[in-house]
Amino acid sequence: MKRIVFLILLLLISTLSQAFENNLAIGFRCQSVESVFGPKLSVKKIDADEATGTPESLFIEYEGAILEFFSDDKGFYLWRFHITSNDWSYNDVIKIGCSKDFLLSLLGVPESVEKSENAERIYYRLPHRDGWVLLKLVKEVVVEISASEDWS
């Protein structure tokens with residue numbers, strides 16, 4: 001039941017596409033990235049490529065997060081991100097420092113798990129679009145969060 005409520009919450013947050021301070025959700029849209037998340041460390045713009053059908057994109061690095069946006073006629077669209085600081089959150093719920101028990105209570109059994117000597121990577125499919133979330137844990141605590149739409 002908790003997982004269903006959480007999935008509905010994720011869907012609602014993403015559907016509304018509201019910008020909460022440093023809160024990320026795949027599919028987030030904005031007219032101007034500059035006005036949403038504050039000072040940037042770096043910005044790399046890549047022009048559209050008609051041969052491959054790739055739209056104009058922006059790679060923006062902030063303190064503790066890297067965001068990748070595509071541009072279309074409606075503005076900018078967040079399609080991939082990587083978080084390494086607890087100043088950022090995923091869907092206003094998951095942050096760096098969350099425990100593995102907290103994640104499992106919210107999200108349930110992961111799609112897959114990879115373990116190495118000092119880290120564990122937990123994969124979940126996005127509940128509201130074709131994509132995934134990767135949570136890297138060290139000593140059962142989240143240290144990195146990545147998410148992306150699957151364009152394959």
Side-chain angles (χ1 to χ4, degrees), residues 1-46 48 53-114 120-138 141-152:
M1 182 64 178
K2 286 182 182 180
R3 183 175 184 189
I4 292 171
V5 170
F6 181 72
L7 294 177
I8 290 170
L9 176 66
L10 288 178
L11 179 60
L12 184 61
I13 290 171
S14 294
T15 302
L16 294 175
S17 296
Q18 296 296 315
F20 300 100
E21 186 174 342
N22 292 350
N23 174 44
L24 301 176
I26 296 298
F28 167 76
R29 286 191 169 275
C30 60
Q31 292 300 314
S32 171
V33 223
E34 288 79 13
S35 65
V36 176
F37 297 114
K40 297 170 285 306
L41 297 178
S42 68
V43 176
K44 180 178 179 184
K45 179 183 173 188
I46 299 176
T54 306
E56 174 188 29
S57 58
L58 292 172
F59 293 81
I60 304 175
E61 183 179 359
Y62 293 91
E63 188 69 42
I66 298 172
L67 314 181
E68 296 181 38
F69 288 86
F70 279 148
S71 178
D72 63 16
D73 59 344
K74 296 178 186 174
F76 294 96
Y77 172 88
L78 181 64
W79 79 278
R80 182 166 47 192
F81 63 81
H82 182 77
I83 299 171
T84 58
S85 163
N86 66 2
D87 292 334
W88 297 81
S89 66
Y90 169 60
N91 278 335
D92 210 27
V93 178
I94 300 172
K95 297 183 93 164
I96 302 300
C98 288
S99 71
K100 181 177 180 179
D101 289 341
F102 175 76
L103 293 175
L104 294 175
S105 71
L106 284 175
L107 303 174
V109 178
E111 187 81 19
S112 66
V113 176
E114 294 177 6
E120 183 175 18
R121 289 174 174 75
I122 300 175
Y123 293 86
Y124 288 96
R125 298 293 300 168
L126 291 176
H128 55 285
R129 47 184 13 112
D130 189 15
W132 51 267
V133 176
L134 165 65
L135 302 155
K136 180 180 175 184
L137 290 85
V138 173
V141 173
V142 175
V143 296
E144 293 180 14
I145 304 167
S146 300
S148 178
E149 279 193 323
D150 186 354
W151 289 53
S152 60

Where is the tightest heavy-atom contact between [X] and [Y], given as atom of each residue plus distance?
| X | Y | answer |
| --- | --- | --- |
| Ile96 | Thr84 | CG1-C, 3.8 Å |
| Phe69 | Leu78 | CD2-N, 3.5 Å |
| Ala65 | Trp88 | CB-CE2, 3.5 Å |
| Ser71 | Pro55 | O-CB, 3.5 Å |

task: State, with a plain yes or no, whether a side-chain heavy atom of Pro110 is found less than 4.5 Å away from one of Tyr123.
output: no
To the nearest 0.5 Å, tell me how far [X] [atom1] sits from [Y] [atom2].
| X | Y | atom1 | atom2 | result |
| --- | --- | --- | --- | --- |
| Ser89 | Ile83 | OG | CD1 | 6.5 Å |
| Glu111 | Leu126 | CD | CG | 11.0 Å |
| Lys136 | Ile145 | NZ | CD1 | 13.0 Å |
| Ile46 | Thr54 | CD1 | OG1 | 9.5 Å |
| Leu135 | Glu120 | CG | CD | 10.0 Å |
| Cys98 | Leu104 | SG | CG | 11.5 Å |

query: Can any side-chain N or O of Asn91 pair as donor or acceptor with the backbone N or O of Val93 at less than 3.5 Å?
result: no
message: I'd like to know if the side chain of Tyr90 reaches the main chain of Ile26, judged simply by a donor and an acceptor atom lying under 3.5 Å from each other, with no hydrogens or angles considered.
response: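 Absent.
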- request: Only one of Phe59, Phe28, Phe70 passes ring-ring contact (aromatic ring centres under 6.0 Å, His included) with Trp79; say which it is.
  value: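 Only one of Phe59, Phe28, Phe70 forms a ring-ring contact (aromatic ring centres under 6.0 Å, His included) with Trp79, namely Phe70.
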message: How about CD on Glu63, more than 12 heavy atoms from neighbouring residues, nucleotides or ligands closer than 6.0 Å, or not?
response: no
- prompt: Between Glu114 and Arg121, is there a salt bridge with N-O shorter than 4.0 Å?
  reply: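 Looking at Arg121 and Glu114, the cut-off is not met.
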query: Salt bridge check: are Asp87 and Lys95 linked by an N-O gap of less than 4.0 Å?
result: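 No.
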task: Determine, stepwise, if the pair Val133 / Ile94 fulfils side-chain contact (heavy atoms from CB on, under 4.5 Å).
output: CA-CA 11 Å; Val133 176; Ile94 300 172; 5.9 Å; no
task: Just jot down the salt bridge (Lys or Arg N to Asp or Glu O under 4.0 Å) partners of Glu56, sequence neighbours excluded, or say none.
output: Lys45
message: Evaluate Tyr62 against Lys40 for side-chain contact (heavy atoms from CB on, under 4.5 Å), listing each step before the verdict.
response: CA-CA 5 Å; Tyr62 293 91; Lys40 297 170 285 306; 3.4 Å; yes
